[in-house]
Amino acid sequence: MKVMIFNAISLDGFLATKDDDTSWVNDLEYFEAILKKNDCVIYGRRTYDDMLLNKTFPIKNIKNVIYTKNPAKYDATEDAEFTDLDPKRLINELQEDGYEDILIAGGGKTNGVFLKAGVIDEIILDVHPIILCEGIKLFET
């Protein structure tokens with residue numbers, strides 16, 4: 001089993017502007033290629049909201065898990081599962097369910113929680129030629 005973080009980042013290490021703008025990310029084909037190598041993807045709630053807004057959710061043919069402090073606020077669907085499980089327990093349960101390659105696809109708080117839990121095997125960063133100076137860091141606590 002492998003658990004990987006993948007994020008597009010600016011040259012100075014930000015995932016998005018402080019108001020969640022990621023319009024500068026322009027190579028979604030690369031992200032889609034990474035996705036196809038996994039059978040489960042975990043998003044943070046803000047990333048999920050952004051994907052809904054941009055009509056890029058759900059990702060088909062992959063298990064979509066949204067990591068949120070308030071999973072009861074959402075209704076699980078065939079397209080999405082909402083959870084606040086401890087990261088180690090979540091990864092173990094996904095593994096028990098047969099998922100072997102799990103992608104963590106942002107944001108900074110979600111990345112930070114899973115990194116701190118010690119469940120990350122690999123980190124892939126897609127660095128874009130932009131300097132944001134402030135915003136959402138790759139790992140936030």
Side-chain angles (χ1 to χ4, degrees), residues 1-132 134-141:
M1 183 176 97
K2 179 173 69 172
V3 180
M4 173 186 7
I5 286 178
F6 174 86
N7 279 110
I9 64 167
S10 65
L11 285 172
D12 52 348
F14 293 99
L15 303 177
T17 63
K18 60 183 177 180
D19 61 349
D20 293 330
D21 179 25
T22 59
S23 62
W24 48 272
V25 178
N26 58 12
D27 58 352
L28 293 177
E29 299 83 23
Y30 183 52
F31 176 61
E32 289 171 0
I34 297 290
L35 269 174
K36 290 179 183 177
K37 296 178 182 178
N38 295 274
D39 47 11
C40 178
V41 62
I42 301 171
Y43 310 98
R45 194 260 322 147
R46 287 169 57 185
T47 301
Y48 166 71
D49 288 346
D50 186 57
M51 291 178 74
L52 284 178
L53 184 67
N54 292 308
K55 297 183 170 100
T56 56
F57 188 89
I59 304 298
K60 298 294 183 189
N61 304 316
I62 192 169
K63 181 173 182 73
N64 293 270
V65 177
I66 294 81
Y67 195 74
T68 175
K69 292 178 184 175
N70 300 304
K73 181 178 173 183
Y74 301 92
D75 294 323
T77 68
E78 66 181 45
D79 293 325
E81 175 183 320
F82 300 85
T83 187
D84 63 353
L85 285 178
D86 169 80
K88 284 184 182 181
R89 183 172 169 204
L90 175 59
I91 297 300
N92 286 337
E93 286 187 10
L94 289 169
Q95 182 181 20
E96 289 171 5
D97 289 344
Y99 298 98
E100 295 188 14
D101 295 309
I102 300 169
L103 180 67
I104 311 291
K109 290 180 182 177
T110 301
N111 291 346
V113 167
F114 282 83
L115 184 70
K116 186 175 181 180
V119 298
I120 303 301
D121 300 308
E122 185 177 340
I123 299 172
I124 297 178
L125 301 177
D126 181 18
V127 182
H128 288 255
I130 186 171
I131 296 174
L132 299 177
E134 61 181 357
I136 299 168
K137 296 177 184 177
L138 178 60
F139 298 107
E140 295 192 353
T141 55

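Values in this document were obtained by computation on a predicted structure and should not be read as measured data.
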May I ask you to test the [X]-[Y] pair for a side-chain heavy-atom distance under 4.5 Å?
X: Ile136; Y: Asp20; answer: yes
X: Leu138; Y: Leu125; answer: yes
X: Lys73; Y: Thr68; answer: no
X: Gln95; Y: Ile102; answer: no

- request: Grab the two heavy atoms, one from Asp121 and one from Met1, that are nearest each other, plus how far apart they are.
  value: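 Heavy-atom minimum between the residues: OD2-O, 3.8 Å.
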
message: Minimum heavy-atom separation for Phe57 and Tyr48, please, with both atom names.
response: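 Minimum heavy-atom contact is CE2-CE1, 3.6 Å.
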
Interatomic distance, [X] atom [atom1] to [Y] atom [atom2] [nearest 0.5 angstrom]:
X: Ile5; Y: Ile120; atom1: CD1; atom2: CD1; value: 4.0 Å
X: Arg46; Y: Leu15; atom1: CZ; atom2: CG; value: 10.0 Å
X: Asn92; Y: Asp97; atom1: CG; atom2: CG; value: 11.0 Å

Sequence neighbours excluded, which residues qualify as side-chain hydrogen bond (donor to acceptor under 3.5 Å, both in side chains) partners of [X]?
X: Glu96; value: none
X: Asp75; value: none
X: Asp49; value: Arg45

Polar side-chain atom of Asn64 near backbone of Ile59 as donor-acceptor pair, under 3.5 Å: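 It does hold such a pair.
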
message: Please check this pair: side chain of Asp39 against backbone of Asp101, looking for a donor-acceptor N/O pair closer than 3.5 Å.
response: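 Judged by distance alone, yes, a pair lies under 3.5 Å.
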
- request: Under the side-chain contact (heavy atoms from CB on, under 4.5 Å) rule, collect the residues that match up with Asn61, sequence neighbours excluded.
  value: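 Applying side-chain contact (heavy atoms from CB on, under 4.5 Å) to Asn61 gives none.
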
message: By the definition side-chain contact (heavy atoms from CB on, under 4.5 Å), identify the one residue from Leu94, Leu103, Thr47 that meets it with Ile42.
response: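 Exactly one option meets the side-chain contact (heavy atoms from CB on, under 4.5 Å) with Ile42, and it is Leu94.
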
Mind listing the side-chain donor-acceptor pairs of residues 76-88 below 3.5 Å, one per line with the distance, residues two or more places apart or on another chain?
| unit_1 | atom_1 | unit_2 | atom_2 | d |
| --- | --- | --- | --- | --- |
| Thr77 | OG1 | Asp79 | N | 3.0 |
| Thr77 | OG1 | Ala80 | N | 3.1 |
| Glu81 | OE1 | Lys63 | NZ | 2.8 |
| Thr83 | OG1 | Leu85 | N | 3.0 |
| Asp86 | OD2 | Lys88 | N | 3.0 |
| Asp86 | OD2 | Arg89 | N | 3.2 |

Using a 3.5 Å cut-off and no angle test, enumerate the donor-acceptor pairs between side-chain atoms of residues 27-38 and protein atoms at least two apart in sequence or in another chain.
| unit_1 | atom_1 | unit_2 | atom_2 | d |
| --- | --- | --- | --- | --- |
| Asp27 | OD1 | His128 | NE2 | 3.3 |
| Asn38 | ND2 | Ile34 | O | 2.8 |

- request: Output every pair passing salt bridge (Lys or Arg N to Asp or Glu O under 4.0 Å) with a member in residues 2-13, not counting sequence neighbours, ordered by first then second residue.
  value: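 Salt bridge (Lys or Arg N to Asp or Glu O under 4.0 Å) check on residues 2-13 returns Lys2-Glu122.
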
field: Pairs where residues 107-119 contributes a residue and the test side-chain hydrogen bond (donor to acceptor under 3.5 Å, both in side chains) is met, not counting sequence neighbours
entry: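 Of all non-adjacent pairs touching residues 107-119, those that pass side-chain hydrogen bond (donor to acceptor under 3.5 Å, both in side chains) are Asn7-Asn111.
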
query: Considering residues at least two apart in sequence or located in another chain, which fulfil the salt bridge (charged side-chain N to carboxylate O under 4.0 Å, His left out) criterion with Lys18?
result: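 Partners of Lys18 by the salt bridge (charged side-chain N to carboxylate O under 4.0 Å, His left out) criterion, ordered by chain and then number, come out as Glu134.
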
query: Which ring pair (Phe, Tyr, Trp, His ring centres under 6.0 Å) pairs, counting each pair once, include a residue from residues 96-115, with sequence neighbours left out?
result: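 Residue pairs with at least one partner in residues 96-115: Tyr67-Phe114.
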
message: Can you confirm whether Glu100 is buried at CD, in the sense that more than 12 heavy atoms of other residues, nucleotides or ligands lie under 6.0 Å from that atom?
response: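 Atom CD in Glu100 is not crowded, with 12 or fewer foreign heavy atoms closer than 6.0 Å.
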
